[in-house]
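Here is how names work: the chains are called A, B, and so on, in the same order as the sequence lines, proteins then strands, and each is numbered from 1. Below, each value reflects all heavy atoms present in this structure, side chains not excepted, and no hydrogens, waters or symmetry copies.
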Amino acid sequence: MADPWRFSCQGLFVWTERDLKARIELNMAQYNPQKIELKWRKKWEKEKRWNVNLKRASASRRKPYYNLMMFPYPSAEGLHVGNVYAFTGSDIHGRFRRMQGNDVFEPIGYDAFGIHSENFAIKKGIHPRILIKRNTKNFERQLKLLGSLFDWDHAVDTTQPEYYKWTQWIFLQLYKAGLAYRAKASVDWCPSCKTVLADEQVINGKCERCGTEVIQKELEQWFFRITKYAGKLLKNLDWIDWSERTKIAQRNWIGKSEGALLNFKVQDTKYTIEVFTTRPDTLFGATYMVLAPEHALVDQVKDQIENLDEVEKYRKAAKKKNELERTELAKEKTGVELKGIKAVNPANKEEIPVYVADYVLASYGTGAIMAVPAHDQRDWEFAKKYNLPAVQVICQNYPEKICPVLKEAYVGLGHLVGSGQFDGTPNEKAKWAITKFVKGKKTAKYHLRDWLISRQRYWGPPIPIVYCAKCGSADSPQAIPVPEKDLPVELPYVKNFRPEGTGKSPLASVKSFVHTKCPKCKGPAERETDVSDTFLDSAWYFLRYPSTRSARSGKAPFEKELTKKWLPVDMYIGGQEHAVLHLLYARFITMVLHDLGLLEFEEPFKKFRAHGLITKEGAKMSKSKGNVVNPDEFIEKYGADTVRMYLMFLGPFTEGGDWSDKGIIGVYRFLNRVWEYLPELRSRLLNDKKRFENWKNDSGVSFRTEPETKIVLSQSIKKITDDLENLKYNTAISQLMILLNSFLKEPEIDQHGSRELGGGKLIERADFEKFLILLAPFAPYITEELWEQLGNKGSVHDQPWPKYDAKKIQQERMKLVLQVNGKVRDVIEVDAALGESEAKRLILQNEKVQKYLAGKEPKKIIFVPGRLVNIVV
RNA sequence: GCCGAGGUGGCGAAAUUGGCAAACGCACUAGCCUUAGGAGCUAGCGCCGCAAGGCUUGUGGGUUCGAGUCCCACCCUCGGCACCA
């Protein structure tokens, strides 16, 4: 074997002059990332270098590890730096796990359905099918530059019939389980996107996508009963290993409140008003009631309302208002009394008036409230305006019985007053006592609403439902699910894919699509023309990845064996912005499939970590601001290794960072130094070897002390390993820089064989190899090239993760800080094992310290082993 | 209003969790090298001060031998939710 780096005695390496010359020539060439990255990319692609055999991956030796990143939406602009940031951070984690001995499956795909693609297609006048194909191709090219572990054989595209067939199949499973239902409801409608939106897609009353104010529309829509899972979605948050921030966001979104359902009889009718309240303890203070304008009771007792005209006018006006107007912060509350209608407070049997007012929402609780002006600020304001009495029933001064006169609602703790037999009870305790007293029901309500999945758009999977007038009636045709064997319901190619704003999808005008046969009675029937929400596509894609190549991929969405082996996902990395959308929906769908016996787990992602945001000059990147960083440009200039490392170096991965076009040069310089270190290492090993031999022959002394570099190396292995484990890539990179600097600074052996008498200092080839291994997850290309140039067989990426020598981290000598009254006065070098008495002796002797003591007697001396001594005077 | 994250040099940021504040890098300054440099190398670089020395982690207080880190009060920035009864 012509390995010029043959191992020799004393841990040194020798090689022939001829070999050395060839190597030096080769390596003197400048670092050319484009060249080496192309070389390895080609090779890796050809070999499908990172693909794992999903079936064969065995738990016995290499454990399967499913490393998932949020799949991108392939935009026309191409890969965003934010994408590169997320994917690199995730890939480094995958590479780290791989080197630690796991079989890592790292798939990628495209979330290509949805309004964003469609809106862009409309703007450009290009059909989304053509556009997405183009974008996807460009994305693939860019993604391949990054040097990630992607398994391209398992790529997924949500717009392909073989994928959305199963999205539709999932809809059918939910339908069969009674979890998908159609209902007429007042829903959020975006006039610009011309479609309904899910609750989660309305931000401050505006459309999440285009920022247009949403309006309310009464439409018949498909919903998923996610509220049925509210309890479980909330409870499981207690044990899943997710970023705490994300969990809190989900908890807030699910928004559980504990309270009671109470019934108020409506005088002279058969009706009762049911209210939900979190404050049943204040029931004696309820002086009126409020119904949401949409509340059914208004219609039921119409005949008895004396001012029906006024009431109807108010209801109509309320209906016209959009969400924003209705929830306007500073807005004054309005309402109308239902004259002639009285309700009875079940606690004290008093008759109280009933109002309709739009500050009460139909969509929460029961759509009706009991108003307690003394203890609720909103009720207080309303009562003040309409001269309604406020009766204080919670007193903070109990038992003094002198309650301060209220200037606003008192919402704090206290004891009950004016509440009959409950007087004197602490209010928390009174809650359930009063509930019981009036035969109410303790219950919990959630902020979470059912997931509205219908979209009146073109670019999505058609909802697999057929409406049959014969099975139902002409007025209300029956909804018949498309049989599973007839899936997919293919999305037809439609020339005019623009939404009309009629409340119907563009598919409604495609006769060949709409007219079909009823699967049940075979009579003529019409298809559902809405498509489903993009978030349904992405709610299950991670289940599909492992199974795309399986023989049964056409027969089942995910194969049992593969799913068992690879899921749930071991690590999921993605943006915090999906905390309540995608992540909640994915959990919900997984839970449903679990309950249907299709999955063995109910939580899809064992571990989730949210990465931070990349900004430019402190601002979020956006086209309108013109501060978008194009990763292509920088990859071309500096190479992917540099771009990867620079992004990770910016700041903690979980917090993001600020991109600077200038700062990237620092990392590029670092990689250049790494590159140029190789020839230096060679010449140095040769010189050191010769000098070492001379010196050894002369003196006969052997090495005693460890070179500084060895200590730094051990410290670095520990630090980098810990940092990778915690996604602290920025400090891991700084440690790699420190390690290289340490190599560069390590003095050569001088002519006498040693830099210092008796202390040989040598850098070994193995040290540099360890450095390359540590660097490999961050910069996969350059490390592989240098690994090869070192004459090594195999790949740096197949090396086991280095272990460190715990003993070497502990230095023999250490710096001891000397303090007087907590202020540092000197730092001295001492033996690491220094004891307390010796330390005290040293500090008292110290010249500088004595100056500050000024002859005063020390009151106390504190010794912290391994760190400092402090004298208190 | 509620929930969350944060405030450290000119800039991005570190700080083994209570023990040398500013690691690592960018920018900057000086010198070397070079025909040249938006290349490389060496050194310097929180603030005040000629120096000795003093001061410094949003503000004010506290605990401690010792606080960027813990406690109390307040100010500011960013993100999310928001008439949720």
Answer yes if the ring centres of A/Phe653 and A/Tyr85 are under 6.0 angstrom apart, and no otherwise. yes
Going by an N to O cut-off under 4.0 Å, is there a salt bridge joining A/Glu838 and A/Arg841? yes
Give me the distance, rounded to whole Å, that separates B/C78 from B/C28 when you measure between the C1' atoms they each carry. 30 Å
Under 3.5 Å, N/O pairs linking protein and nucleotides 21-31 of chain B:
| unit_1 | atom_1 | unit_2 | atom_2 | d |
| --- | --- | --- | --- | --- |
| B/G25 | OP1 | A/Asn741 | ND2 | 3.4 |
| B/C26 | OP1 | A/Arg669 | NH1 | 2.4 |

With a distance cut-off below 6.0 Å to the six-membered ring centre and an angular limit of 45° from the axis, does A/Lys256 pair with A/Tyr446 as a cation-pi contact? no
Over how many whole Å does the gap from A/Lys719 atom NZ to B/A15 atom P extend? 6 Å
For a quick check under 3.5 Å, do A/Tyr314 and A/Thr334 share a side-chain donor-acceptor pair by atom type? yes
A/His447 NE2 to B/A82 C1', straight-line distance once rounded to whole Å: 9 Å
How would you label the glycosidic angle of B/U17: syn (within 90° of 0) or anti? syn
Rounded distance [0.5 Å steps], NE2 in A/His447 versus OG in A/Ser363: 9.0 Å
Rounded to the nearest 0.5 Å, what separates atom CG in A/Leu283 from atom OG1 in A/Thr435? 8.5 Å
Partner of A/Trp253 under side-chain contact (heavy atoms from CB on, under 4.5 Å), chosen from A/Leu581, A/Ile248, A/Leu448: A/Leu448
Categorize A/Asn252 for me: base, sugar-phosphate, or nothing, with a 4.0 angstrom heavy-atom threshold over every strand shown. sugar-phosphate
A/Gln377 side-chain N/O to A/Ala409 backbone N/O, donor-acceptor pair under 3.5 Å: yes
How long is the line joining CG of A/Asp722 and P of B/A15, in whole Å? 12 Å
Please determine, for the side chain of A/Trp253, which listed nucleotide (B/C65, B/G19, B/C81) has the closest atom? B/C81
With a 4.0 Å cut-off on heavy atoms, is A/Ile862 in touch with a base, just the backbone sugar-phosphate, or nothing at all? base
I need the NZ-C1' distance between A/Lys616 and B/G12, as an integer number of Å. 14 Å
Take atom CG of A/Asp188 and atom P of B/A82, then tell me their distance rounded to the nearest Å. 11 Å
Taking the same atom, P, in B/G58 and in B/G54, what whole-Å distance lies between them? 23 Å
Please work out if A/Arg245 contacts a base, only the sugar-phosphate, or nothing of the nucleic acid, heavy-atom cut-off 4.0 Å. sugar-phosphate
Aromatic ring proximity, centroids under 6.0 angstrom, A/Trp451 and A/Phe535: no
Could you tell me how far B/G18 sits from B/C71 if I compare only their C1' atoms? Round to whole Å. 13 Å
Taking B/G6 as the reference, what is the distance to B/U16 when you measure between their P atoms (whole Å, please)? 15 Å
For B/A85 and B/A5, measure between their P atoms and round to the nearest Å. 22 Å
C1'-based separation of B/G44 from B/A22 [nearest Å]: 16 Å
Would you call A/Glu633 and A/Lys637 a salt bridge, using N to O less than 4.0 angstrom? no
Cationic tip of A/Arg587 within the cone over A/Trp242's six-membered ring, i.e. under 6.0 Å and within 45° of the normal? yes
Assert: residue with more 5' nearest nucleotide on RNA chain B, out of A/Asn870 and A/Ala249, is A/Asn870
Check the chi torsion on B/G40 and let me know: syn if it falls within 90° of 0, anti if not. anti
Same-atom distance (P) from B/G66 to B/A73, integer angstrom: 23 Å
Checking A/Lys247 side chain against A/Ile240 main chain: does a donor-acceptor pair fall under 3.5 Å? yes
Give a yes or no on whether a salt bridge exists between A/Asp379 and A/Arg279, defined as a side-chain N under 4.0 angstrom from a carboxylate O. no
With Watson-Crick and G-U wobble geometry limited to distances under 3.5 Å, how should the secondary structure of RNA chain B be encoded in dot-bracket form, using | for bases paired to another strand and [ ] for crossing pairs? (((((((..(((......[....))).(((((.......))))).(((....)))..(((((..]....))))))))))))....
Between atom CZ in A/Arg449 and atom C1' in B/A82, what is the gap in whole Å? 12 Å
Going by modelled atom types, is there a donor-acceptor pair between the base of B/C65 and the side chain of A/Lys859 at under 3.5 Å? no
Suppose you measure atom C1' in B/C20 against the same atom in B/A14; what distance do you get, rounded to whole Å? 14 Å
Length of the CG-P vector between A/Asn726 and B/U16, whole Å: 12 Å
Any N/O pairs under 3.5 Å between the protein and nucleotides 53-58 of chain B? List them or say none.
| unit_1 | atom_1 | unit_2 | atom_2 | d |
| --- | --- | --- | --- | --- |
| B/G53 | OP1 | A/Lys851 | NZ | 3.3 |
| B/C55 | OP2 | A/Lys823 | NZ | 3.2 |

Mind calculating the distance between NZ (A/Lys385) and P (B/C83) to the nearest angstrom? 18 Å
